[in-house]
Amino acid sequence: MLLQHPRQIYESGMKSILNFRRFFFAFTLVLCIASLLFVRRFILGRMYALMRNIRAIGNSKDLSIRNSMKPLTLLKTPVSKLCWSLLIWIISRPLMTC
């Protein structure tokens with residue numbers, strides 16, 4: 001016996017899969033764009049500002065600027081906090097044994 005009518009369940013499933021793919025693609029695209037904007041604004045923006053300050057200090061003949069700005073010293077606290085939190089996280093994790 002051959003089916004003469006299209007299978008509604010199969011077509012409904014194919015529509016659902018197509019809708020899921022569209023939604024997943026759109027969501028992934030939005031997430032990627034949001035991630036890039038976040039990185040650009042909060043990470044790269046600060047790095048560019050730091051590089052501009054370092055170049056200004058290097059190009060300046062005024063020695064008082066070199067003592068007053070100290071841009072690498074400003075990074076010392078956040079970087080050390082990051083290192084300490086990473087170290088604590090590593091130590092607090094249970095050892096993986098095979």
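Computation of the quantities below employed the complete heavy-atom set of this structure, encompassing side-chain atoms and omitting hydrogens, waters and symmetry-equivalent molecules. Given the structure is predicted, the values throughout are model-derived calculations rather than measurements.
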Review point. Should L44 and M51 be counted in the same cluster of Ile, Leu, Val, Met, Phe, Trp and Tyr side chains packed under 4.5 Å apart?
Key: yes
**Study point:** For I33, the option from L36, V30, L29 that meets side chain to side chain contact (heavy atoms under 4.5 Å, CB included)
**Key:** L29
Practice item. Quick one: sort the F42 and F38 rings into parallel, tilted or perpendicular, breaks at 30° and 60°. Key: tilted
Study note, to complete from the structure: When rounded to the nearest 0.5 Å, the distance separating CD1 of I9 from CD of E11 is 11.0 Å
Check your understanding: Would you find more than 12 non-hydrogen atoms of other residues, nucleotides or ligands less than 6.0 Å from L18 atom CG?
Key -> yes
Review point. Any side-chain heavy atom of C32 sitting closer than 4.5 Å to one from T28?
Key: yes
